[in-house]
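Reminder, nothing fancy here: chain letters follow the sequence lines and each chain counts from 1. Predicted, not measured: the structure shown is a model, and the values here were computed from it.
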2 protein chains.
Amino acid sequence: MTLATVAPIERRPLHAAAIDRLRDLILQGSLAPGDRLNERVLTERLGISRTPLREAFKLLAAEGLVELLPHRGAIVAPLNAGRLRETLAVLGALETLIGELVCAHATDDAIGEIRALHFEMRAAHARRDLSGYFHLNQAIHLRLAEAAGNAVLAQTYRQLNANVRRVRYMANLSPQRWDAAVREHDAILDCLTARDGVRLKALLSEHLAHKTASVLAALDAPREAA
Amino acid sequence: MTLATVAPIERRPLHAAAIDRLRDLILQGSLAPGDRLNERVLTERLGISRTPLREAFKLLAAEGLVELLPHRGAIVAPLNAGRLRETLAVLGALETLIGELVCAHATDDAIGEIRALHFEMRAAHARRDLSGYFHLNQAIHLRLAEAAGNAVLAQTYRQLNANVRRVRYMANLSPQRWDAAVREHDAILDCLTARDGVRLKALLSEHLAHKTASVLAALDAPREAA
DNA sequence: ACGGGAGGTTTTGCATGCAGAATACAAAAA
DNA sequence: TTTTTGTATTCTGCATGCAAAACCTCCCGT
């Protein structure tokens, strides 16, 4: 090689795993919106000390998952309908761009991977495996964002999506809505295959509108454990 | 009010001012892209100790202003043309949404304030006060984002814009481009006054395209101190 | 019984100390 | 001269200790 300087082994800070675990606890709802994040309790639970934990708080606060109350600690960022609606509106704007870019720039490999995930998702749907479905659904949307070939776009999308994701885990999906969502994904995949950017934009926009309704409904009717 | 819980006095963490100063140092280019952020040096310069400084690094990393290299410290996030182009594309998508929303939802007061800033900016232009012009220009675009009435949108816009802002401070503007930009702002204000969302979207998009060209040019021809 | 306040407890914010990783430098070998 | 290797120094990552702020409880006065 000529002047490759950056080592391929990406060394992560030692406690990055603990931070990821904390993020997951929030995303999955194990730590509910509004819950206080007591430093002492979390240090014991995560097996790290207060300094890296507090650094994690700052990180997650910037991601919008945690709210810092000066001198009163940190809480899991509350989810209110207004803020969620705003987030979804921004996601809509981003998806419009994604729709354009992904048809223009996505590699065939990337589309192939999305197709694979799509069929895995249909499998989860067929098994009525809601959890698996949500995960694959998320994965597809994230891959779409990545396949657009704009890293900033993908990261912004991922970050905003995180807060929506939290609601998803709280909610069930009506069978009708579930079936409809899968059909919408079928259409999205078709568009992607045909690289029809204009139509894809419209489909994504429609899909998001339905998702918005579904998410806001889930927020009103909280928590019915499966 | 009925059940407002949040105290109006916003207590900020004690060293928030120092963090803001660090952010400004980066935004204004006093700390250039790629510069190493040595903890010891910065603790002395900012008058805080390592713990809050490291927390600040994490915050600024999430904002995209700083890059963390595990076991090798932090550097000011490099500005490369590719990433900048990506950021500007996302900003474009956001501005499209802003254009829609601001015409539909902005209060007359908010528009009045933007108009005032606009004339201040024209004053700066008349005086060939480039620094004042940049500041007011930024202020106008931020106010537009805020006037759209979507806090998530405004924050996302502000964050992405920060990295573009850094280039702005590095660059001069050709007299022609400067005059043209002012004319574009005139048209934008007219549209806003008439609340013509469709045309505003188009104008903002065009304005951003010009800005993109200007920013990327500035990045190629670095630093000519005034 | 109820509101207000004093004291003690908990918790946050910050500074600092220590161990390990990375870097810089220099000397030696090719 | 160029490359390599050993060593010393610097710097990061983390744990912990201390002071101040917030919180909670209980007591007192009305």
Side-chain angles (χ1 to χ4, degrees), chain A residues 1-23 25-26 31-32 34-63 65-78, chain B residues 3-23 25-26 31-32 34-63 65-78:
Chain A
M1 54 184 147
T2 54
L3 54 95
T5 53
V6 186
I9 357 153
E10 192 182 328
R11 311 268 284 113
R12 287 166 37 105
L14 280 72
H15 284 40
I19 297 179
D20 289 343
R21 252 180 76 205
L22 178 56
R23 185 187 285 109
L25 287 176
I26 295 174
L31 295 169
D35 278 5
R36 291 206 61 211
L37 298 173
N38 183 295
E39 293 185 356
R40 191 179 45 77
V41 172
L42 281 172
T43 52
E44 287 168 10
R45 188 159 176 185
L46 298 174
I48 60 180
S49 104
R50 287 179 55 216
T51 304
L53 179 65
R54 290 173 52 79
E55 290 180 357
F57 284 172
K58 289 282 200 297
L59 250 178
L60 296 175
E63 289 179 19
L65 294 175
V66 158
E67 206 163 292
L68 299 173
L69 311 178
H71 293 286
R72 289 197 285 160
I75 61 173
V76 179
Chain B
L3 54 95
T5 52
V6 186
I9 357 155
E10 193 183 328
R11 311 271 281 108
R12 284 162 43 102
L14 282 70
H15 284 28
I19 297 177
D20 288 343
R21 252 180 75 205
L22 177 56
R23 184 187 287 110
L25 287 175
I26 295 174
L31 296 170
D35 278 6
R36 292 207 61 207
L37 297 173
N38 182 293
E39 294 186 355
R40 192 179 47 76
V41 172
L42 280 173
T43 53
E44 288 168 9
R45 186 158 176 187
L46 297 174
I48 61 180
S49 108
R50 286 180 55 219
T51 304
L53 178 66
R54 287 174 53 79
E55 292 180 356
F57 284 172
K58 290 280 200 300
L59 253 177
L60 296 174
E63 290 178 19
L65 293 175
V66 158
E67 206 164 294
L68 299 173
L69 311 178
H71 292 285
R72 289 197 284 158
I75 60 173
V76 178

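- Of the residues in residues 49-57 of chain A, Arg50(A), Arg54(A) come within less than 4.0 Å of DNA chain C through at least one heavy atom, sorted by number.
- Along DNA chain C, the nucleotide closest to Arg36(A) and the one closest to Arg36(B) are compared, and the more 5′ of them pairs with Arg36(A).
- A search for side chain to side chain contact (heavy atoms under 4.5 Å, CB included) contacts involving Glu67(A) returns Leu69(A), Ile75(A), Pro78(A), not counting sequence neighbours.
- If you take CD of Glu44(B) and P of dT10(D), they are 14 Å apart, rounded to a whole angstrom.
- Nearest to the side-chain atoms of Arg72(B) among the listed nucleotides dT23(C), dC11(D), dG13(C) stands dT23(C).
- Of the side-chain N and O atoms in Asn38(B), none sit less than 4.0 angstrom from OP1 or OP2 of dT10(D).
- The nearest whole Å value for the distance from the NE2 atom in His71(B) to the P atom in dT23(C) is 11 Å.
- Here Arg40(B) does not reach the OP1 or OP2 of dT10(D): none of its side-chain N or O atoms lies under 4.0 Å away.
- Distance, Glu39(B) CD to dC14(D) P: 11 Å, rounded to whole Å.
- Regarding Leu46(A), its CG atom lies at a distance of 11 Å from the P atom of dA15(D), rounded to whole Å.
- Leu69(A) has its CG atom 18 Å from the P atom of dA21(D), to the nearest Å.
- Residues Ile48(A) and Ile19(A) fail the side-chain proximity criterion, which asks for heavy atoms closer than 4.5 Å.
- Between Ile48(B) atom CD1 and dT16(C) atom P the separation is 13 Å, expressed in whole Å.
- The interatomic distance linking Leu59(A) (CG) with dG13(D) (P) rounds to 12 Å, in whole Å.
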